[in-house]
Amino acid sequence: MTNKIVQALIWKENGLSILDQRQLPSVLHYEHYTHSQGVAQAIATMQVRGAPAIGIAAAYGVVLSLKQHYGTTPAWRSAVYADIDLLANSRPTAVNLFWALDKMKAIIAQESTDVLAAATACAIAIHLEDQTANRKMGELGAEVIGHSKGLLTHCNTGSLATGGYGTALGVIRSVAARQSVAIYADETRPWLQGARLTVWELAQDGIPATLIADSAAAWLMKSGAIDWIIVGADRIASNGDTANKIGTYSLAVLAKQHGVKMMVVAPTSTIDWTLENGNAIEIELRDSSELLPESYHTPDSLVSAWNPVFDVTPATLIDALVTERGVVLAPSTRAEGIARLRNA
Ligand code: MRU
């Protein structure tokens with residue numbers, strides 16, 4: 001393996017460099033941000049994607065706000081909270097965003113600390129701990145899978161979507177390091193995270209992969225080529241219901257029909273303990289123009305589009321939930337559910 005793992009986020013003394021994922025795979029371009037508003041905009045406009053990466057970027061965004069406002073006037077906190085609100089409104093579904101902002105808010109509320117230094121250390125720790133968690137999940141997930149003939153993944157969950165290495169893609173990397181396995185990636189319409197990011201990342205790492213149209217997944221399963229589907233998550237409710245990229249739910253339903261197993265891989269920062277189940281997870285609806293061909297973009301067009309970008313897979317369809325704190329097999333059948341991960 002060539003091990004050229006690309007970084008989505010690079011923190012520097014004077015700001016945050018964000019790899020503009022909209023330009024991949026043809027152009028590798030980093031945009032440098034010195035203000036939190038720019039980071040909020042980068043999240044909202046999909047320059048940076050993936051639940052853990054969004055959380056990390058937001059944490060650094062708060063540090064940039066503090067660099068601008070901390071101690072400048074007695075009311076510096078109001079200016080920082082306004083920037084935090086902007087970051088919180090950048091995207092609704094990935095809970096890592098709110099988890100990271102809550103951590104930063106707890107530091108800002110402290111009176112007797114150097115808040116800027118503490119917040120910077122916290123953001124860097126969030127970033128580094130995510131990398132460590134990914135490596136751990138990679139090993140745990142690969143153990144659960146054991147021998148595999150083929151794996152299918154959906155969306156992007158690699159280095160670009162995380163602090164580095166990846167969640168579901170981290171497990172795939174770890175499986176590929178142990179054995180020869182066929183790896184399939186869904187295209188992932190409409191933003192094509194699979195086609196533009198996942199297979200590109202794997203190729204960068206020297207791992208061969210086969211791209212399929214999203215609608216080919218059932219037929220792939222029917223062919224017997226895969227035994228596991230491995231996906232990441234944007235928000236997991238306390239009972240294991242999992243919000244992830246639109247199309248994940250269909251894959252889980254298809255997996256049941258074909259005797260294929262379904263694995264969700266996510267750090268515990270993706271678990272929303274305040275939610276009993278997935279019903280209350282806010283699903284981001286993006287603009288119809290992302291789906292509609294140009295010729296329908298007219299005010300009198302009779303053609304509209306419905307563009308939810310996440311869906312919720314019930315825990316009953318999930319065979320394994322892999323976190324950095326351990327694995328829960330068949331989470332819906334365990335009396336204690338995933339609660340044991342909370343303080344593990
Ligand atoms: O809209 P995106 O590209 O931010 O969606 C990303 C996903 O749905 C990922 O599968 C999820 O965030 C897990 S990333 C490790």
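Both counts, for ligands and for their atoms, begin at 1 and track the order of listing. The structure presented is a predicted model; accordingly, all values stated were derived computationally and were not measured.
Taking distance alone, with nitrogen or oxygen atoms compared against 3.5 Å, A51 approaches ligand 1 more closely than that limit. Any N or O atom pair closer than 3.5 Å counts here, and F310 shares no such pair with ligand 1. The shortest N/O to N/O separation between R49 and ligand 1 does not fall below 3.5 Å. The distance criterion of under 3.5 Å between nitrogen or oxygen atoms is not met by T157 with respect to ligand 1.
Short contacts between ligand 1 and P52, defined as distances under 4.0 Å to a heavy atom of the residue, involve ligand atoms 14 (S), 15 (C). Applying the 4.0 Å criterion to heavy atoms of K245 picks out, from ligand 1, the atoms 1 (O), 2 (P), 5 (O), 8 (O). Short contacts between ligand 1 and G50, defined as distances under 4.0 Å to a heavy atom of the residue, involve ligand atoms 4 (O), 6 (C), 12 (O), 14 (S). Atom numbering of ligand 1 starts at 1 in the shown order; those under 4.0 Å from a heavy atom of T162 are 15 (C).
Taking the side chain as every heavy atom from C-beta outward, I56 and W11 never approach each other to under 4.5 Å. With contacts defined as side-chain heavy-atom distances shorter than 4.5 Å, the pair E201/T198 does not qualify.
The protein non-hydrogen atom at the shortest distance from atom 10 (O) of ligand 1 is N244 OD1, 2.7 Å. Nearest non-hydrogen protein atom to atom 4 (O) of ligand 1 is R91 NH1, 2.8 Å. Scanning all protein heavy atoms for the shortest distance to atom 15 (C) of ligand 1 gives T167 OG1, 3.1 Å. Looking at atom 8 (O) of ligand 1, its nearest protein heavy atom turns out to be D234 OD1, 2.9 Å.
Screening T268, T132, N134, T167 for a side chain to side chain donor-acceptor pair (under 3.5 Å) involving E324 leaves a single residue, T268.
Residues S174 and Y165 have side chains that bring a donor and an acceptor to within less than 3.5 angstrom of each other. Using modelled atom types and a 3.5 Å distance limit, the side chains of D234 and T93 yield no donor-acceptor pair.
The shortest heavy-atom distance from N156 to ligand 1 is under 4.0 Å. A heavy-atom separation below 4.0 Å is found between M46 and ligand 1.
Contact annotation: for Q193 versus ligand 1, heavy atoms closer than 4.0 Å belong to the side chain alone.
No salt bridge links K136 with E129; every basic N to acidic carboxylate O contact stays at or beyond 4.0 Å. Ionic pairing of R22 and E31 is not present here: no N-O contact between side-chain nitrogen and carboxylate oxygen is shorter than 4.0 angstrom.
The option from G232, A94, G55, A161 that lies nearest to atom 14 (S) of ligand 1, judged by heavy atoms, is A161. Of the listed residues (A233, G166, A243, C155), the one carrying the non-hydrogen atom nearest atom 6 (C) of ligand 1 is C155.
Here W76 contributes atom CH2 and L116 contributes atom CG; the two are 9.0 Å apart, rounded to the nearest 0.5 Å.
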Let me have the donor-acceptor pairs involving side chains of residues 214-229, under 3.5 Å, with sequence neighbours excluded, atom names and distances please.
from	atom 1	to	atom 2	distance (Å)
D214	OD1	E187	N	3.2
D214	OD1	T188	N	2.7
D214	OD2	T188	N	3.4
D214	OD2	R189	N	2.8
S223	OG	L220	O	2.6
S223	OG	A225	N	3.3
D227	OD1	S148	OG	2.6
D227	OD2	K149	N	3.0

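Minimum interatomic distance between V171 and M137 (heavy atoms only, all atoms of both residues): CG2-O, 3.5 Å. Pairing each heavy atom of D319 with each of V260, the nearest pair is OD2-O, 4.3 Å.
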